Amino acid sequence: MKGLLYIRLMAQGQPVVYQNPLLEQVKKQLPDVAVLDVDSESGELVLHYARQLLQDATQTIIVIESATPDAAFGSVFTVIESLLDGQKDQLILFRQEHSRLLRMVQARPELKYKATPTDAELLQVITQFYSQASA
C-alpha cells in the first residue's frame, strides 16, 4: 500500500483549513495512494489512523507544513515519533522549515527528506517517488 500523510503544525489560534488543493491533486493523479491529513489539534481517532497508515503502508510520503519555524507539535507528537522510526520506504517533505523537527530528521541518516516549497514541486516529487518505487 502507498500512503501520503500530510501534517500541519499550526500556530496558536490559527484557524483549521479543511481544503487542501495539493491533496486533491494527489487523489486525482494517484488514486492508488491512501491520503490522510492531520494537524496539531487533531483528535485521537484521526491520529490513530495516521499511525496506522505509517505502519501499514510500504511506501509513504509525509508532508510537513509548519506555520512557523518553531510551531508546537501539539497532538501529533506521537505521529512524529512514528515517522522518525524510518523502518519503511518513506520520504519526508518539508513545506516550510521547522527548526527542531529538521534537526531531529537530520540526526537520523536513514531518513530521506527534502524541502520543497511549492505545490508544483511537491506534486512532482510525490509522483517521482511513487513511480520509482513501482519500477
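Because the structure is a prediction, the values reported are computed rather than measured. FYI, side chains are in, hydrogens and waters are out, and symmetry mates aren't considered; it's all heavy atoms of this structure.
Nearest heavy atom pair, residue Leu9 against residue Ala71, reads O-CB, 3.8 Å. The minimum heavy-atom distance between Leu53 and Ala34, with the atom names listed, is CD1-CB, 4.0 Å. Considering every non-hydrogen atom in both Gly3 and Val33, the closest pair reads C-CG1, 4.0 Å. Residues Ser75 and Leu47 approach most closely at O-CD1, 3.0 Å, considering heavy atoms. Smallest separation of non-hydrogen atoms from Tyr113 and Leu102: CE1-CD1, 3.8 Å.
Checking Leu101, Val76, Ile62, Thr60 one by one against Leu83, the side chain to side chain contact (heavy atoms under 4.5 Å, CB included) holds for a single residue, Ile62. When each of Leu5, Val63, Ile64 is tested with Ile92 by the rule side chain to side chain contact (heavy atoms under 4.5 Å, CB included), just one qualifies, namely Ile64.
Taking the side chain as every heavy atom from C-beta outward, His98 and Phe73 approach each other to under 4.5 Å. Side chains of Asp119 and Leu122 form a contact here, defined as non-hydrogen atoms less than 4.5 Å apart. Residues Ile61 and Val125 have side chains not in contact (no heavy-atom distance under 4.5 Å, counting atoms from C-beta outward). Contact of the Leu111 side chain with the Gln90 side chain is registered, since non-hydrogen atoms from C-beta on lie closer than 4.5 Å.
Salt-bridge annotation for Arg51 and Glu81: absent, with no side-chain N of the basic residue lying under 4.0 Å from a carboxylate O of the acidic one. Ion pairing between Arg108 and Asp85 fails under the 4.0 Å rule for side-chain N and carboxylate O.
The backbone N or O of Pro69 lies less than 3.5 Å from no partner atom in the side chain of Ser66, so there is not a single donor-acceptor pair. For Ser40 (side chain) and Met10 (main-chain N/O), a donor-acceptor pair under 3.5 Å exists by modelled atom type. Under the 3.5 Å distance criterion, the side-chain polar atoms of Thr58 are matched with a main-chain donor or acceptor of Met1.
Residues Arg95 and Tyr6 bring a donor and an acceptor atom of their side chains to less than 3.5 Å of each other.
Other residues, nucleotides and ligands contribute only 12 or fewer heavy atoms inside 6.0 Å of the NZ atom of Lys114.
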